[in-house]
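Read through the structure below, which is laid out as structure tokens, and then see the notes.
Excluded from the calculations below are hydrogen atoms, water molecules and symmetry mates; all remaining heavy atoms, backbone and side chain alike, are included.
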Amino acid sequence: VWIFGYGSLVWRPGFEFTSRKVGFIRGYSRRFWQGDTFHRGSERMPGRVVTLLEDCGACTWGVAYEVRGEQIAASLQYLNMREAVLGGYDTKLVKFHPQEKDVEEPILALVYIATPQNPSYLGPASEEDIAAQIIVSSGCAGHNIEYLLRLADFMRFFCPQAEDKHLFSIEEALISILPCLYYTEESLEET
């Protein structure tokens with residue numbers, strides 16, 4: 001079984017796997033439209049994490065993990081709790097296209113996608129508003145800023161040829177806000 005990750009699964013799968021491949025799926029765009037009140041936020045201040053939006057001309061880069069034998073049941077049980085129960089995601093089957101040139105056929109992979117029917121679904125907002133929400137959110141898996149920056153780093157280092165304007169626009173908005181916060185904190189310490 002192959003499992004496609006496009007958010008925190010690209011750097012922290014949390015389950016044992018046999019192999020992994022970087023690549024993409026077609027027909028979806030990655031968006032920071034899913035709320036998170038557990039891993040990267042709280043009930044009071046939900047974080048923002050990514051989900052996929054159907055988009056026929058787009059492709060989303062990520063990592064596919066191959067699980068075999070006893071790994072299958074353990075990984076699916078773990079992901080069902082992490083993504084479906086705690087995250088509110090649905091499971092779909094997609095065609096994954098590995099980055100490697102020697103692989104001819106796409107691989108069928110499971111993917112978890114949050115839908116607008118999900119109670120934690122936040123939907124669209126400006127890049128600046130999303131960045132501002134990310135800056136103030138933290139959950140049991142860490143700060144929401146870490147989530148955004150690790151995902152941007154993954155894209156930069158493993159998929160340099162791919163474009164993800166939504167992701168990088170939010171990163172730019174976050175960086176433009178952070179110096180203001182840093183300056184304000186230093187000013188407060190001086191007074």
field: Distance in Å, H97 NE2 paired with F4 CZ, rounded so as to fall on 0.5 Å steps
entry: 10.0 Å
statement: In this structure, OG1 of T60 is separated from CZ of F96 (nearest 0.5 Å) by 11.5 Å
query: Is V10 reachable from F24 through a run of I, L, V, M, F, W or Y residues, each pair having side-chain heavy atoms under 4.5 Å apart?
result: yes
message: Could you check whether R40 pairs with E146 (Lys NZ or Arg NE/NH1/NH2 to Asp/Glu carboxylate O, under 4.0 Å)?
response: yes
- request: In plain terms, say whether D153 and R150 are close enough for a salt bridge, that is, a side-chain N and a carboxylate O under 4.0 Å apart.
  value: no
- prompt: Aromatic rings Y78 and F15: how do their planes relate, parallel, tilted or perpendicular, breaks at 30° and 60°?
  reply: tilted
- prompt: Between the side chain of H39 and the main-chain N/O of C140, is any donor-acceptor distance below 3.5 Å?
  reply: no
- request: Please identify each residue that fulfils ring-ring contact (aromatic ring centres under 6.0 Å, His included) with Y6, with sequence neighbours left out.
  value: none
message: Take a 6.0 Å sphere around CZ of R68 and say whether it holds more than 12 heavy atoms from other residues, nucleotides or ligands.
response: no
query: Judged by modelled atom types alone, do S120 and Q34 share a side-chain donor-acceptor pair under 3.5 Å?
result: no
query: So how far is it from D164 CG to R30 CZ, rounded to the nearest 0.5 Å?
result: 4.5 Å
query: When rounded to the nearest 0.5 angstrom, what distance separates CZ in R26 from SG in C56?
result: 12.5 Å
Test: E66 and R20 ion pair at under 4.0 Å: no
- prompt: With sequence neighbours left out, what residues match E70 under salt bridge (charged side-chain N to carboxylate O under 4.0 Å, His left out)?
  reply: none
message: Taking the ring centre of each residue, are Y65 and F17 less than 6.0 Å apart?
response: yes
message: Let me confirm one number: the CD-CG distance from E127 to L174, rounded to the nearest 0.5 Å.
response: 12.5 Å
- prompt: Between D36 and R48, is there a side-chain N and carboxylate O pair less than 4.0 Å apart?
  reply: no
task: Kindly state whether the ring of W11 and the ring of Y147 have centres lying under 6.0 angstrom apart.
output: yes
- prompt: How many angstroms lie between atom CD1 of I130 and atom CG of N144, to the nearest 0.5 angstrom?
  reply: 10.5 Å
